[in-house]
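Shown next, in structure tokens, is the structure this report addresses.
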Amino acid sequence: MSSEDKEAQEDELLALASIYDEDEFKRAESAQGGETRICLELPQDFKIFVSGDSTEGLQNSGFEYSVCFLPPLVLNFELPPDYPSTSPPVFTLSGKWLSQAQLSALCKHLDNVWEENRGCVVLFAWMQFLKEETLSYLNISSPYELKMCPQGKGQSWTPLGPLDTGKDCGGAAGS
């Protein structure tokens, strides 16, 4: 690890810790990395439409709810020794209300942000993009449809919102 990379990593992690509270940003104790919980900025009067599977007896019916927030997106990251000079952060992105294809599209965008800013720290840019632009990037608008599907004994939510973001990056884990 070069001293420049080590210093850039330390400065970036300290800056993020000073900008975000502990609910939003947690630095890992054992490695150069951490976890961010990103709450999206929803438009006023944002609605979700929850539809049921016909086998559950709801048969094309559903419920519409106004929501003020959605569960946060969770970005886990680890900084390799040669970040930011050479390598990007290693990361995983998860969101309970997004489909695998939507998560993959977001991961691909984060990879592109790294490519455009290669050699510079990118975590703040990633976090701002996820917080402010996820809905527009994924063409999610109100009402956003979530379909309740039987899965084993419990229930799962399958997002059905439109997705027009091009190529799939093959998974919800960035490289």
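Counting from 1, the numbers follow the sequence of the chain as shown.
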Does L106 belong to the same Ile/Leu/Val/Met/Phe/Trp/Tyr cluster as V74, with side-chain heavy atoms less than 4.5 Å apart forming each link? no
Summary of salt bridge (charged side-chain N to carboxylate O under 4.0 Å, His left out) pairs that have at least one residue in residues 116-126, sequence neighbours excluded: E115-R118
F129: what forms a ring-ring contact (aromatic ring centres under 6.0 Å, His included) with it, not counting sequence neighbours? H109, Y137
Can you pull the side chain to side chain donor-acceptor pair (under 3.5 Å) pairs that have at least one residue in residues 33-44, sequence neighbours excluded? E35-R37
Contacts of type side-chain hydrogen bond (donor to acceptor under 3.5 Å, both in side chains), residue N112, not counting sequence neighbours: none
Using the test side-chain contact (heavy atoms from CB on, under 4.5 Å), find all partners of E78 that sit at least two apart in sequence or belong to another chain. A31
With a 4.5 Å cut-off on side-chain heavy atoms, are F46 and L70 touching? yes
side-chain contact (heavy atoms from CB on, under 4.5 Å) involving D11 - partner list, sequence neighbours excluded: E7
How would you list, by chain and number, every residue that makes a side-chain contact (heavy atoms from CB on, under 4.5 Å) with T86, sequence neighbours excluded? D82
Restricting to side-chain hydrogen bond (donor to acceptor under 3.5 Å, both in side chains), what partner residues turn up for S66, sequence neighbours left out? K47
Run the side-chain hydrogen bond (donor to acceptor under 3.5 Å, both in side chains) test against E132 and tell me which residues pass, sequence neighbours left out. Q128
I'd like to check the side-chain contact (heavy atoms from CB on, under 4.5 Å) partners of D23; sequence neighbours left out, ordered by chain and number. D21
Sequence neighbours excluded, which residues qualify as side-chain hydrogen bond (donor to acceptor under 3.5 Å, both in side chains) partners of Y65? none
